[in-house]
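Atom set for the values below is all heavy atoms of this structure, side chains included, hydrogens, waters and symmetry mates excluded. Throughout, a chain's letter reflects where its sequence line sits, starting with A, and its residues are numbered from 1.
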Protein chains: 2
Amino acid sequence: MDWSQANAACDALTENEESLTRDIVTRLAEKWTLWTLAVLAESEAPLRFSRVMEQVEGVSQKSLTKVLRQLERDGLVTRAVFAEVPPRVEYAITELALDMLDLLHPLWQWATVHVGTFQAAHAAYDKKRPAA
Amino acid sequence: MDWSQANAACDALTENEESLTRDIVTRLAEKWTLWTLAVLAESEAPLRFSRVMEQVEGVSQKSLTKVLRQLERDGLVTRAVFAEVPPRVEYAITELALDMLDLLHPLWQWATVHVGTFQAAHAAYDKKRPAA
DNA sequence: CTGCATCCGTTACGATACTG
DNA sequence: CAGTATCGTAACGGATGCAG
């Protein structure tokens with residue numbers, strides 16, 4: 001593991017930039033963010049608000065709105081409003097977000113591959129500490 | 001983007017396994033988890049609780065304890081208790097966790113590289129929606 | 001030294017009702 | 001259809017005090 005490389009990249013950032021980097025990564029792991037991005041990534045065409053909400057199963061309108069707003073602000077999705085009746089709003093994923101998902105893919109694969117390892121680790125731990 | 005590949009890996013999991021996978025990834029992004037792992041990864045030798053807390057700047061005892069317990073349960077760190085006076089507890093990172101950090105590295109680099117992009121995106125967004 | 005228990009403020013989330 | 005406003009609940013995280 002070449003941690004000097006990672007540290008060099010980190011040290012080059014101002015405190016403000018480092019904070020922002022942390023925020024971005026943290027935000028990606030919030031409850032509905034990745035799921036929403038995945039839905040938009042799987043769709044070839046832009047999706048209306050209702051279609052996204054159907055596919056991100058269990059999300060509330062409020063939370064989905066918040067997540068989409070944040071993603072838009074981060075430049076990870078685009079939001080297009082059409083002045084029609086009834087109103088239409090379409091969301092689409094950006095290239096930036098697709099790049100990021102590519103990077104995230106190995107991590108997800110790692111997690112799926114090691115699911116059995118984690119189940120075993122949990123079982124062993126719970127046996128040692130039944131109280132917890 | 002080859003999403004069929006990602007979907008194939010996902011579809012092979014039971015609902016329970018998929019839930020666990022999601023939990024693992026989510027946990028990695030919790031406030032102090034990655035920072036703690038990074039500290040343990042940088043150290044060649046196992047670290048005592050106090051040493052970890054010194055280096056994970058700003059973490060409370062409570063949060064650090066919780067994070068370390070969870071990491072131990074996931075098999076990402078080991079915890080060794082020495083029956084001495086005063087008590088000594090040493091934490092070390094596992095190979096499994098080091099593998100994971102390797103996979104995570106590109107994502108972190110991506111975030112640092114695009115910090116400027118995000119700042120610009122935020123500025124543009126806030127200009128368009130000053131109310132928000 | 002380690003780390004658990006408790007209190008407390010903040011934030012996240014969901015349900016519901018309402019607006020352009 | 002696509003939100004906004006409001007409310008109530010639950011989880012999170014920090015500070016403090018105490019025990020082994």
Side-chain angles (χ1 to χ4, degrees), chain A residues 19 22-36 39-40 43 45-74 77-92 125 128-132, chain B residues 19 22-23 25-36 39-40 43 45-73 77-92 125 128-132:
Chain A
S19 163
R22 184 178 302 277
D23 286 349
I24 296 290
V25 174
T26 300
R27 207 169 289 146
L28 290 178
E30 277 170 7
K31 190 162 183 180
W32 303 108
T33 305
L34 279 180
W35 196 346
T36 303
V39 163
L40 290 173
S43 167
L47 289 177
R48 304 183 60 153
F49 186 88
S50 335
R51 304 292 140 262
V52 178
M53 194 161 134
E54 281 170 12
Q55 293 186 54
V56 182
E57 220 168 314
V59 72
S60 70
Q61 213 172 40
K62 176 185 172 182
S63 298
L64 184 57
T65 299
K66 188 182 158 198
V67 166
L68 286 170
R69 283 285 189 286
Q70 187 62 60
L71 288 173
E72 184 196 0
R73 195 170 112 97
D74 288 342
V77 310
T78 58
R79 178 174 180 271
V81 182
F82 298 86
E84 306 172 0
V85 178
R88 180 161 56 106
V89 181
E90 288 187 343
Y91 295 90
Y125 182 91
K128 265 199 312 186
R129 307 174 134 253
Chain B
S19 165
R22 184 178 303 276
D23 287 347
V25 174
T26 299
R27 209 167 290 145
L28 289 179
E30 278 171 8
K31 190 160 183 183
W32 302 108
T33 305
L34 281 179
W35 198 346
T36 303
V39 163
L40 291 174
S43 167
L47 289 178
R48 303 185 59 154
F49 185 89
S50 335
R51 302 293 139 262
V52 178
M53 195 161 128
E54 280 170 13
Q55 293 186 54
V56 182
E57 219 168 314
V59 72
S60 69
Q61 219 171 37
K62 175 186 173 182
S63 298
L64 183 56
T65 299
K66 186 181 160 198
V67 165
L68 286 170
R69 283 285 189 285
Q70 188 61 61
L71 288 173
E72 184 196 359
R73 196 171 112 97
V77 309
T78 58
R79 179 174 180 271
V81 182
F82 298 86
E84 304 173 1
V85 178
R88 180 162 56 105
V89 182
E90 289 188 344
Y91 295 90
Y125 181 93
K128 264 199 315 186
R129 304 174 135 256

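Atom pair B/Leu68:CG and C/dC4:C1' shows a separation of 14 Å (rounding to whole Å applied). The separation between A/Arg88 atom CZ and D/dG3 atom P is 13 Å, rounded to whole Å. In this entry the distance linking CE of A/Met53 with P of C/dG14 reads 10 Å, nearest Å. In this entry the distance linking NZ of B/Lys66 with P of D/dA15 reads 16 Å, nearest Å. We find that CD of B/Glu84 is positioned 15 Å from C1' of D/dG20, with the value rounded to whole Å. Atom P of nucleotide D/dC12 and atom CD of B/Gln70 are separated by 10 Å, given to the nearest angstrom. If you take CG of B/Asp23 and P of D/dA11, they are 14 Å apart, rounded to a whole angstrom. Spacing between atom CZ of B/Arg48 and atom C1' of C/dG3 amounts to 13 Å, rounded to whole angstrom units.
Residue contacts shown for B/Arg51 are absent, as no nucleic acid heavy atom lies under 4.0 Å away.
Looking at A/Val56, A/Val39, A/Leu64 one by one, the single match for side-chain contact (heavy atoms from CB on, under 4.5 Å) with A/Trp32 turns out to be A/Val56.
Atoms CZ and CZ, from B/Arg27 and B/Arg73 in turn, are 7.0 Å apart once rounded to the nearest 0.5 Å. Atom CZ of residue A/Phe82 and atom CZ of residue A/Arg48 lie 9.5 Å apart, to the nearest 0.5 angstrom. Between the CG atom of B/Leu68 and the CG atom of B/Leu40 there is a distance of 7.0 Å, given to the nearest 0.5 Å. To the nearest 0.5 Å, atom CG of residue A/Leu28 and atom CG of residue A/Asp74 are 8.0 Å apart. Here A/Lys66 contributes atom NZ and A/Ser60 contributes atom OG; the two are 10.0 Å apart, rounded to the nearest 0.5 Å. A distance of 7.5 Å separates CD1 in A/Ile24 from CD in A/Gln70, rounded to the nearest 0.5 Å.
Enclosure of atom CD in B/Glu57 is not indicated, since only 12 or fewer non-hydrogen atoms of other residues, nucleotides or ligands lie within 6.0 angstrom.
Both A/Pro86 and A/Thr65 lie near DNA chain D, and the one whose nearest nucleotide falls closer to the 5' end is A/Pro86.
An OP1 or OP2 oxygen of C/dG14 is reached within less than 4.0 angstrom by a side-chain nitrogen or oxygen of A/Ser63. For A/Tyr91, a side-chain nitrogen or oxygen approaches OP1 or OP2 of D/dG3 to under 4.0 Å.
Within the 3.5 Å criterion, the main-chain N or O of A/Ala29 finds no donor-acceptor partner in the side chain of A/Thr33.
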**Request:** Mark up nucleotides 15-20 of chain C, 5' to 3', with B wherever a protein heavy atom is under 4.0 angstrom from a base atom, S wherever such an atom reaches only the sugar-phosphate, and - elsewhere.
**Result:** B----B
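Of all the residues in residues 25-33 of chain A, A/Lys31, A/Trp32 reach under 4.0 Å from DNA chain C with at least one non-hydrogen atom.
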